[in-house]
Amino acid sequence: MRGMLDIKLIREQADQVRQRLASRGAGDETRVDEVLALDEQRRKLVGEVESLKSIRNRVSKEIGALMGQKKLAEAEARKKETRDIGDKISTLDAQVAEVESARDQLLLRLPNLPHESVAIGKTAEDNPVMRTFGEAAQFTFKPKTHVELCEKLKLVDFPRGAKLSGSGFILYTNWGARLERALIQFLLDLHTSAHGYTEVSPPYMVTRDCMTGVGQFPKFMDQAYAVREGEDASSLGKLYLVPTAEAPVANIHREEILKESQLPIYYCAYSPCFRAEAGAAGVGTRGLIRVHQFDKVELIKIVSPETSYDELEKLTANAEAVLQKLGLHYRVILLCTGDMGFASAKTYDIEVWAPGQNQYLEVSSCSNCEDFQSRRMNTRYKTEKGENKLPHLLNGSGTALARLFVALVETWQQADGSILIPPALQPYMKTDRISV
RNA sequence: GGAGAGGUGGCCGAGUGGCUGAAGGCGACGGUUUGCUAAACCGUUAUAGGGCCUAAAUCCCUAUCGGGGGUUCGAAUCCCCCCCUCUCCGCCA
């Protein structure tokens with residue numbers, strides 16, 4: 001496993017790398033010197049051990065030739081000569097492995113470099129709003145919260161969800177369950193038929209390598225649910241519940257060399273998402289806004305570097321289309337350097353308006369990770385000219401469901417307590433209204 | 001879970017200790033021939049790290065035959081562990 005940031009870039013443009021890391025405000029730039037020191041040490045050791053190996057290989061060939069000529073005494077003499085080289089080589093090899101692993105541990109924890117178009121900032125306060133769509137719904141009555149609506153209309157059984165699995169787990173019931181399923185269907189249909197994505201249905205548990213590939217690990221291990229097989233302790237840590245379909249889907253082409261003509265690749269996938277949310281505020285309260293398991297339709301793109309920023313705009317528009325078709329008010333914000341995710345070079349968040357909450361809820365995060373993930377997972381593509389390059393990987397929620405559910409029921413609630421179903425969803429719901 | 005058979009380059013497939021980074025074939029690419037296509041013939045046909053702190057190319061070195069470790073002067077080849085695939089049996093949605 002190699003590091004996520006290109007070691008050559010760090011070597012050759014250390015100052016620029018430091019500066020761009022610093023713009024995230026997390027202090028990662030202070031690790032650059034350590035990386036460089038370890039890298040230099042590694043190269044020195046590699047040089048030493050490889051020249052020894054070169055000697056050993058040459059002498060071994062000569063021994064082979066001597067044996068062939070039955071000059072056994074001479075062969076034995078040469079063997080003696082090289083015997084101790086082997087010991088030196090294994091010592092040095094071990095040192096190389098140690099230094100390399102130390103270097104890579106550091107590299108794996110360095111976040112991606114922000115794109116130059118990203119606003120410099122520290123927190124969510126500094127995120128520029130790019131655009132808004134529609135307007136906040138106006139009511140002639142005091143709008144209820146989704147919790148109230150879900151209870152009245154029996155869309156969710158909160159107490160029993162908690163009984164089954166603890167707080168943060170949701171039991172959808174009746175029309176609530178149907179709405180959840182309808183939304184999933186609607187989203188998949190929209191992205192496959194109108195936006196050109198290929199549908200995939202991935203495993204919901206993935207290996208450690210997949211988690212590392214997308215940048216979840218090693219930094220965010222405490223956020224994942226690790227799976228154990230029965231009582232077999234040795235199986236613990238082999239598989240993890242997916243925190244997003246990005247984990248399996250972005251890794252579909254790990255360790256592969258694609259042809260340029262295959263690009264761009266567009267995948268969309270539904271999956272439940274499992275998040276421990278360790279230390280996060282809000283889990284433990286009722287409602288659907290922050291939960292341990294939620295549904296999501298994820299969009300993944302694998303594209304050539306030249307096109308990746310255009311593709312990011314299109315991907316974001318694809319996610320926005322969901323909210324437009326459901327008649328929901330939203331805004332698109334650009335995450336500033338300090339608020340961006342670990343793997344991303346540029347991220348747009350889409351926030352939908354939830355009248356009952358009187359706030360915007362994040363339902364989609366659309367990121368261009370450039371070659372950060374493809375380097376980690378070793379996905380490459382061969383150009384027409386025959387050179388190997390790293391594709392850019394993009395991901396975006398299209399969209400996350402529990403919060404979409406919230407915005408939908410809160411926006412479309414009526415004075416009589418019923419919920420209108422937007423026309424786009426009616427074919428899936430087979431009704432135009434949910435009422436008591 | 002039990003028994004057996006396997007995992008070699010883009011693909012198929014040889015290779016049981018040294019001259020094998022790897023025969024042969026297919027495919028692909030370049031060229032010759034050709035009215036066009038086809039055929040035939042010739043050639044090319046991996047990735048990564050390091051030497052190279054001016055970039056790239058060339059060149060040199062190292063590593064890679066599922067993964068890891070071991071034996072050896074030397075491992076695709078021998079030994080150990082693990083992973084995966086296939087067949088049969090058992091179990092099961």
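Residue numbers start from 1 in every chain, and the chains themselves are labelled A, B, ... in the order their sequence lines are given, proteins ahead of strands. Heavy atoms only: backbone and side chains are in, while hydrogens, waters and symmetry mates are out.
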Decide whether A:Ser374 and A:Thr379 meet the rule of one side-chain donor and one side-chain acceptor closer than 3.5 Å.
no
If you measure from the P atom in B:rG24 to the same atom in B:rU34, how many Å do you get, rounded?
30 Å
Roughly how many Å apart are B:rG68 and B:rA63, using the C1' atom of each and rounding to a whole number?
15 Å
Using a 4.0 Å heavy-atom cut-off across all strands, classify A:Lys259 as base, sugar-phosphate, or nothing.
nothing
A:Phe405 pairs by ring-ring contact (aromatic ring centres under 6.0 Å, His included) with which of A:Trp175, A:Tyr172, A:Trp412, A:Phe294?
A:Tyr172
Does one side chain, of A:Tyr225 or A:Gln293, offer a donor that lies under 3.5 Å from an acceptor on the other?
no
In 5'-to-3' order, the base (B), backbone-only (S) or no-contact (-) status of each nucleotide in nucleotides 79-86 of chain B, using a 4.0 angstrom heavy-atom cut-off, is --------
Residue mapping more 5' on RNA chain B - nearest nucleotide basis, A:Asp39 or A:Gly86
A:Asp39
Tell me whether the side-chain N or O atoms of A:Glu50 pair up with the base of B:rG51 as donor and acceptor below 3.5 Å, since no angle test is needed here.
no
Between B:rU64 (P) and A:Glu255 (CD): distance, integer Å
17 Å
Spacing of the P atoms in B:rG2 and B:rG50 (rounded, Å):
44 Å
So that I know where these two stand, are A:His115 and A:Tyr309 an aromatic pair - ring centroids less than 6.0 Å apart?
yes
Using whole Å, report how far CZ of A:Arg56 lies from P of B:rU62.
10 Å
Between A:Arg58 and A:Lys382, just flag the one whose closest nucleotide in RNA chain B comes earlier from the 5' side.
A:Lys382
Are the aromatic ring centres of A:Tyr240 and A:Phe217 under 6.0 angstrom apart?
yes
A:Ser365 and side chain to side chain donor-acceptor pair (under 3.5 Å): which partner among A:Asp349, A:Thr347, A:Thr244?
A:Asp349
Between B:rC42 and B:rU33, how far is it from one P atom to the other, in whole Å?
16 Å
Remember a base hit wins even if backbone is also touched, and classify A:Arg78 as base, sugar-phosphate or nothing at under 4.0 Å, heavy atoms.
nothing
